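Values in this document were obtained by computation on a predicted structure and should not be read as measured data. Values below: every heavy atom of this structure, side chains too, minus hydrogens, waters and symmetry copies.
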Amino acid sequence: MPDIDAATRDKRRSMPQAEPGMITGSPMQARRINLPTLATIAAVVAIIYFAQNVVLPLAIAMLITFALSPLATRLRRIGLPNLPAVLIVVTAAFVAIGMFILIVIWQLSTLTSNLPRFQANIVTKVESLVEAGSGSDGVIGRVSNMVESINNQIAARVEDEEEPRVAGAAPEEPDPMLVEVVQDQSTLEMMQDIVLPLIGPIATTGLVVVVVVFMLLERAELRDRFIKLVGSNDLHRTTQVLQDAGRRVTQYLLVQLLVNIIYAVPIGVGLWFIGVPNALLWGLLTLVLRFIPYIGSVLSAAFPILLAFASSPDWSMVLWTIILFGVVETITSNAIEPWLYGSRTGVSPLAIIISAIFWTWLWGPLGLVMSTPLTVCLVVLGRHIPQFEVFDTLFGDEPVLEPHARLYQRLLAGDAIEATSRAEEALETMTLGEYYRDIGIPALLIAQNDQRRGVLTVEQQERVATTAQEIVIDLAEVVEEEREIASIGPKPEGEDAPELVENAVQDGDGHSVLCVGGKNSLDDVSAAMLAQIMRAEGATAEELAHTDLGLNRFREVAITGVDCVVLSFVDPSPMRASLLHIRRIKRAAPHLRVGVVIWNMPPKEEDGDMTVKPAQVAESKLNEALEIGADFAVRTLDEALRQSFSKEGPKPVEPVRLRQRRVELRARPAQA
């Protein structure tokens, strides 16, 4: 048995043990979210919410450390000591951030002083809109008439409800006047009102700078402490967590910064050419706002468009601004981002939206900006540490179900359209035989296992079989495509011929095989899959249902010229009565080779044979089939194809009594 790493062994120990005969790796083995896990998550959320004054600066410092760590490491590699390298990187980074903030403040002050000049343009545009929609036929005119009519009706009803006052009644007393006492503020109090609100942000910024410096200086020490805290007994897994988290977060921050710069530069230059005031300000804000997932581009475009509406007497500036953002967004999203993002962050698009809402609720606008990198860290922890697996399941972008389990779920739902669509996607990277071997047959094995456990009803079994048969029919076109590819032959060396499917050789040429379901409708589907694989290999193959195994019926439908008959079973322990069909077929057609395939779950590369729980049961049934008279009894696709296309002749079947007599004669000398 191949060696298995520690991570795989620990993961297996944490998984529930399979029952005898149960197919491991099925969706029933998934980790469940229990009450203690939910309580722990709720407690952590409460802590980071109420302690955000402490946690938020640390989170910001951690993300900045992730972004600056590669630069500090690069300076160390060229010979600089650790302290100068860290100080250079931190100083350059925060000086750039400070210059950015100062430029934004300067641009905002300039924009504020110019706002009164835009009033006339806004009034002109509003008046033009009113004139365009005025009158009884205009939209604004209709809305105005409706509002006026509603107001008149309300006023008339109020007048009807009011009773005339009785003559000589005392006049109503006027409402009391509100009096507010204003005290003069001293200079010290005015300074406190101005200075104290600034102390908090300045102190937080200074704290972040200091924490970033010490995190960069002691990043090796922090790494060792994290390893000791999380799992010093599994250095391989913990090191993989640190490397994966650092790579993903650093790549996201740096690549997103580069994409934003590429996006913001043409925006700023384009707005300057169009004539939108303070183009530099909008370019800088675009660079920052695009860190906000999905809505950042919309927010960055909204402010320049509104300013173009206010600063231009006509509509040309507004139209050119909209065109500019539309063109730059299209090019960036469809060309630049796919090119620069060499690998994904590991977070699904829906999870990015949900995490943005969650972190915004926790920490406000800063949480919105930090939502994606923080979620990336959680997904990385869940991918490598079993205790955090819930985060990878909820937020990860990789499928949480194995392909065969997902196919079985679609078969249970009777959704042949989606199942066929996913099969066509899978066939872009694998052959038809590989798809049936790794996905199709294992899905039937899960169904058979559920049937044996009594959780699959007869109606569900028939739905699974019917849907699977529809998929097999829909994939019939793939057979002709693979045969055509295989007929081209191997790729000549030195020529630009198209890449061929690996091992696409027509080993079945000249062979005629009949595949028959062994016992039930699931066996019929497996026989149809096997026959389709044989046709893709160049053989002439047909399939029959298990209902055609009756002796009279089999003689009617058996095709003359068939070389081999294969009984297909997805049950790892078929009954002896089902295996006795071998003898009946050989008596009806002694010239045929008759074989049995008892399908088994294919082993995973990382698990070896440990995923093949029913193997021992199937082995005894294979031996029983050979004793009954089968020419071959196998449990894998490769063995089934090799034996079905074999040139060997059939074995003669001895009468039962004669075989028993020979066994008794052989046993006598031993007894003597």
Contact check, side chains of [X] and [Y], non-hydrogen atoms, under 4.5 Å:
| X | Y | value |
| --- | --- | --- |
| Leu307 | Pro277 | yes |
| Phe325 | Pro304 | yes |
| Glu434 | Leu427 | no |
| Leu366 | Thr360 | no |
| Met62 | Leu374 | yes |
| Tyr408 | Leu445 | no |

Requested in this report: Carefully, step by step, assess Leu216 and Leu68 under the rule side-chain contact (heavy atoms from CB on, under 4.5 Å).
Outcome: CA-CA 8 Å; Leu216 288 174; Leu68 299 182; 4.2 Å; yes
Requested in this report: Let me see the working for Leu71 and Ile88 under side-chain contact (heavy atoms from CB on, under 4.5 Å), right down to the final yes or no.
Outcome: CA-CA 10 Å; Leu71 301 178; Ile88 291 173; over 6 Å; no
Report task. For Trp359 and Leu368, run side-chain contact (heavy atoms from CB on, under 4.5 Å): C-alpha distance rounded to whole Å, both residues' side-chain angles, the deciding distance at 0.1 Å, then the answer. Result -> CA-CA 6 Å; Trp359 291 109; Leu368 178 61; over 6 Å; no
Query raised in the report: side chain to side chain contact (heavy atoms under 4.5 Å, CB included) with Ile274: which of Leu319, Ile323, Thr321?
Result: Thr321
Requested in this report: Using the side chain to side chain contact (heavy atoms under 4.5 Å, CB included) rule, pick out the option among Phe303, Trp282, Trp320 that qualifies with Val276.
Outcome: Trp282
Rounded distance [0.5 Å steps], [atom1] in [X] versus [atom2] in [Y]:
| X | Y | atom1 | atom2 | value |
| --- | --- | --- | --- | --- |
| Tyr263 | Thr286 | OH | OG1 | 6.5 Å |
| His404 | Ile439 | NE2 | CD1 | 9.5 Å |
| Asp438 | Leu407 | CG | CG | 12.0 Å |
| Leu271 | Leu280 | CG | CG | 10.5 Å |
| Ile322 | Met317 | CD1 | CE | 12.5 Å |
| Ile305 | Ser300 | CD1 | OG | 9.0 Å |

Nearest heavy-atom pair of [X] and [Y]: which atoms, and what distance?
| X | Y | value |
| --- | --- | --- |
| Leu58 | Met215 | O-CE, 4.5 Å |
| Ala72 | Ala85 | O-CB, 4.1 Å |
| Ala405 | Ile446 | CA-CD1, 4.2 Å |
| Ser371 | Ser355 | CB-O, 3.7 Å |
| Val86 | Val213 | CG1-O, 3.8 Å |
| Ala279 | Gly268 | CB-O, 3.5 Å |

Requested in this report: Please determine if Arg406 and Glu418 form a salt bridge, counting it only when a charged side-chain N lies under 4.0 Å from a carboxylate O.
Outcome: no
Is it true that atom [atom1] of [X] has more than 12 heavy atoms of other residues, nucleotides or ligands lying nearer than 6.0 Å?
| X | atom1 | result |
| --- | --- | --- |
| Ile417 | CD1 | no |
| Phe273 | CZ | no |
| Phe358 | CZ | yes |

For [Y], does its backbone N or O pair with a side-chain atom of [X] as donor and acceptor, under 3.5 Å?
| X | Y | result |
| --- | --- | --- |
| Thr429 | Ala426 | yes |
| Trp363 | Ile48 | yes |
| Asn82 | Leu217 | yes |
| Thr332 | Glu329 | no |

**Report entry** Verdict with supporting geometry, Val298 and Leu289, side-chain contact (heavy atoms from CB on, under 4.5 Å)
**Finding:** CA-CA 9 Å; Val298 178; Leu289 290 174; over 6 Å; no
Query - No-hydrogen, no-angle side-chain donor-acceptor test under 3.5 Å, Arg290 and Ser297 - result: yes
